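A, B, ... follow the sequence lines: proteins, then strands. Residue 1 opens every chain. Model, not experiment: these values are computed from the prediction. As a basis for the values below, the full set of heavy atoms in this structure was taken, side chains included, without hydrogen atoms, waters or symmetry mates.
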2 protein chains.
Amino acid sequence: MKQEINENTENKILEAANTVFEKKGYDGTKMQEIADKAGINKALLHYYFRSKDKLFEMIFSMAFNKLVGELKFLFDEDIPMIEKVKIFIDRHTDFIAKNRYLPLFIVNEINRRPEIFVKLLSGIYEKDDRLHRLLGQIEKETKAGILKPFDPRQVFLNMIALNIFPFAAKPLVAGLLKMSNEDFSRFIAERKKIVTEIIINSIAAK
Amino acid sequence: MKQEINENTENKILEAANTVFEKKGYDGTKMQEIADKAGINKALLHYYFRSKDKLFEMIFSMAFNKLVGELKFLFDEDIPMIEKVKIFIDRHTDFIAKNRYLPLFIVNEINRRPEIFVKLLSGIYEKDDRLHRLLGQIEKETKAGILKPFDPRQVFLNMIALNIFPFAAKPLVAGLLKMSNEDFSRFIAERKKIVTEIIINSIAAK
DNA sequence: GAAAAGTTTAACCAAAAAGTTAAACCGAAT
DNA sequence: ATTCGGTTTAACTTTTTGGTTAAACTTTTC
């Protein structure tokens, strides 16, 4: 079918664009490189996506939703906080490991052109009640003596900082700490436990 | 004096270049913008620094040493670990707050062109004994029952991750958590205590 | 006051990269 | 068989940007 071919090519382009944009950022990316990686030519690339800006906007919003989508688990599931945090850290670390360049990409582009961020942000908070439900859960478990009082924002930030930073800064970290790739893998494996312990420790009542 | 003028202009250029490179990265930076910000013209800019690469290399190595220099405190001072960590987090957070773009700049450029990193790295480890002294201190305090056993690399990474991430990702974090600038400032002020507590908690014997 | 170093002006070159165009080609659907 | 969308080719335009040059002007130095 025509459409199949169409979608295949479109997907090939999107995948290629995603790879290149994520690794090199908007400024470092050349349309020619995307075309090459997608196995097509520049003319066709422009035939599908009029301009670099249009293509970038699409890639960026997809990447953003992917990154933020991983957070949904924290809000949706209806399990005890401690358990939820354990599972989240496990999942989130794996996700980041598989998408090493994603967080840095998002952070960079938002820093450089904050305006690209505004529209996407409004899309997230349609269902504001989910946030309230989460806060409600925390309050309830605190009153029940399971959790101690804490600022959920700080804990949230601690989790993602501890998870993301080592991967985002991998060459720097591995360089400074003189780690080989195998060292780094072991180091990361060990980290999951440590990070989980730290976070649980900062929210669980003694 | 000739030299004074010379150094003034050179410094103006270096400052301007630093500002622009840090915020926009190598690819996003235009020589013209640096010249403008330094209040001179492109011809003079090239008169002082032959090429964009040369100028960048200088800026990058200065920035790198600045960032890494802040870590020296951990190795040099001869005070109990717990105390040392408290002071370090305090200082380091202030430093990062004043140099919001610095860590991201370093991490990005190392990710994109790892080779620029290799030469700088070798310069750091001339005095390898400092590292051993630090490890010795930790071992001693552990045996004395002041500290519990821990991986110093993990703790080190935790500290800098928790300190750097909120600033590097400020627009993203502030956006997601719906914080105004004032909110963010309060949030950061509160953080110092929290981060210190977390780190101390992860190394102090109970 | 002359030589030297610093600086500006303005025009220029060369390369890279985004984006366009037109013609031809191919495969599938009607 | 023909039409139509997807695709290639290749040449082309335009814009941006790094980098150069030469001439003139200014300031410093001796």
Report task. Provide, to the nearest angstrom, the distance between the CG atom belonging to B:Leu45 and the P atom belonging to D:dG19. Result -> 9 Å
**Report entry** CG on A:Asn111 to CG on B:Leu104, rounded to 0.5 Å
**Finding:** 6.0 Å
Query raised in the report: Thinking salt bridges, do A:Lys119 and A:Glu57 make one under a 4.0 Å N-O criterion?
Result: yes
Report task. Could you tell me the separation between the NZ atom of B:Lys30 and the P atom of D:dG19, rounded to a whole number of Å? Result -> 15 Å
Requested in this report: Rounded to the nearest angstrom, tell me the gap between atom CD in A:Glu10 and atom C1' in D:dG5.
Outcome: 14 Å
Query raised in the report: Do the side-chain N or O atoms of B:Tyr47 get closer than 4.0 angstrom to the phosphate oxygens (OP1, OP2) of C:dT7?
Result: no
Query raised in the report: Can you tell me how far C1' of C:dT9 sits from CD1 of B:Ile40, to the nearest Å?
Result: 14 Å
Query - Nucleotide nearest A:Leu44 when distance is taken to its side chain, options C:dG6, D:dT8, D:dG5 - result: D:dT8
Query raised in the report: With under 30° as parallel and over 60° as perpendicular, where do the rings of A:His92 and A:Phe95 fit, or are they tilted in between?
Result: tilted
Report task. Any chance you could measure B:Ile13, atom CD1, to B:Asn8, atom CG, to the nearest 0.5 Å? Result -> 11.0 Å
Report summary line: Taking C:dA18, C:dG6, D:dG19 as options, the one with an atom nearest any side-chain atom of B:Met31 is D:dG19
Query raised in the report: So, is A:Asn41 near the phosphate of D:dT9, with a side-chain N or O under 4.0 Å from OP1 or OP2?
Result: no
Query raised in the report: Can you check the B:Asp27 CG to D:dT16 P distance for me, whole Å?
Result: 18 Å
Query raised in the report: For the side chain of B:Lys42 and the base of D:dG19, is some donor closer than 3.5 Å to an acceptor across the two?
Result: yes
**Report entry** Nearest-angstrom distance from the residue atom NZ of B:Lys52 to P of D:dT16
**Finding:** 15 Å
Requested in this report: Walk me through it: do A:Arg113 and A:Glu109 pass the test salt bridge (charged side-chain N to carboxylate O under 4.0 Å, His left out)?
Outcome: CA-CA 6 Å; A:Arg113 285 184 306 287; A:Glu109 300 302 335; 2.9 Å; yes
Report task. Ignoring backbone atoms, establish whether A:Ser51 has a side-chain N or O less than 4.0 Å from OP1 or OP2 of C:dA18. Result -> no
Query - Contact nearer the 5' end of DNA chain C, comparing A:Ala43 with A:Thr29 - result: A:Thr29
Query raised in the report: In whole angstrom, what separates A:Asp36's CG from D:dT8's P?
Result: 12 Å
Report task. Select one nucleotide: of D:dT7, D:dT20, D:dT8, the one nearest the side-chain heavy atoms of B:His46. Result -> D:dT20
Report task. Take atom CD of A:Gln32 and atom C1' of D:dT9, then tell me their distance rounded to the nearest Å. Result -> 13 Å
